[in-house]
Enquirer: 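One structure, as structure tokens, below. Some questions next.
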Amino acid sequence: MADTRLTAEQVRNQSRETLAALPVVQTAMQAALTQLQDYRQALETKYQQPDRLHCLAVVALGFERVLWQAC
């Protein structure tokens with residue numbers, strides 16, 4: 001949370017949209033999505049059932065909040 005310059009209480013009280021708009025969160029989410037794409041391809045190749053595969057990119061803001069995006 002030091003990267004966001006917000007206290008734990010401020011993070012708890014912010015909306016998901018407000019937190020997702022923070023540059024540091026956007027950077028972390030983009031990195032998570034990139035990593036997820038690589039991992040998803042490996043899983044699809046291994047298990048051959050892409051329709052059953054549900055993938056989420058997750059960014060944690062300390063122990064206070066978790067943001068995610070489905071892929």
Side-chain angles (χ1 to χ4, degrees):
M1 284 185 308
D3 294 342
T4 63
R5 298 178 191 247
L6 298 173
T7 66
E9 185 176 345
Q10 289 171 322
V11 169
R12 282 192 300 269
N13 292 328
Q14 295 290 326
S15 70
R16 183 180 189 280
E17 293 78 19
T18 301
L19 292 171
L22 295 172
V24 68
V25 174
Q26 289 179 348
T27 301
M29 184 61 74
Q30 190 58 46
L33 287 168
T34 300
Q35 185 178 17
L36 177 61
Q37 289 300 337
D38 294 339
Y39 191 56
R40 182 182 178 100
Q41 288 177 350
L43 289 174
E44 286 176 356
T45 301
K46 183 175 181 175
Y47 294 108
Q48 309 267 327
Q49 296 179 339
D51 296 340
R52 294 184 58 200
L53 187 60
H54 300 280
C55 294
L56 299 172
V58 179
V59 174
L61 297 172
F63 292 108
E64 306 305 320
R65 295 284 295 270
V66 175
L67 301 175
W68 66 91
Q69 184 174 337
C71 233

Enquirer: Once rounded to the nearest 0.5 Å, what's the spacing between atom CG of L36 and atom CD of Q69?
Expert: 9.5 Å
Enquirer: Can a donor-acceptor pair be found, under 3.5 Å and without considering hydrogens, that links the side chain of T18 to the backbone of Q14?
Expert: no
Enquirer: Holding to side-chain hydrogen bond (donor to acceptor under 3.5 Å, both in side chains), I want the full list of residues that pass it with R16, two or more places apart in sequence or in another chain.
Expert: none
Enquirer: With the 4.5 Å side-chain cut-off for hydrophobic clustering, are L6 and L67 part of the same group?
Expert: yes
Enquirer: Mind checking whether V66 and L56 sit in one hydrophobic cluster, side chains of I, L, V, M, F, W, Y counted as touching below 4.5 Å?
Expert: yes
Enquirer: If you round to the nearest 0.5 Å, how far is CD of E64 from OG1 of T7?
Expert: 8.5 Å
Enquirer: Please list, chain by chain and in numerical order, all residues satisfying side chain to side chain contact (heavy atoms under 4.5 Å, CB included) with T27, sequence neighbours excluded.
Expert: none
Enquirer: Tell me whether Y47 is reachable from Y39 by hopping between hydrophobic residues (I, L, V, M, F, W, Y) whose side-chain heavy atoms are closer than 4.5 Å.
Expert: yes
Enquirer: How long is the span from the CZ atom in R40 to the NE2 atom in H54, to the nearest 0.5 Å?
Expert: 9.0 Å
Enquirer: Calculate, to the nearest 0.5 Å, the distance between atoms CD and CE belonging to Q26 and M29 respectively.
Expert: 10.0 Å
Enquirer: Could you state the interatomic distance from CG (L53) to NZ (K46), rounded to the nearest 0.5 Å?
Expert: 12.5 Å
Enquirer: Looking only at atom types and distance, does a side-chain atom of Q35 sit under 3.5 Å from a main-chain N or O of A32, one as donor and one as acceptor?
Expert: no
Enquirer: With rounding to the nearest 0.5 Å, note down the distance linking CG in L33 to CG in D38.
Expert: 11.5 Å
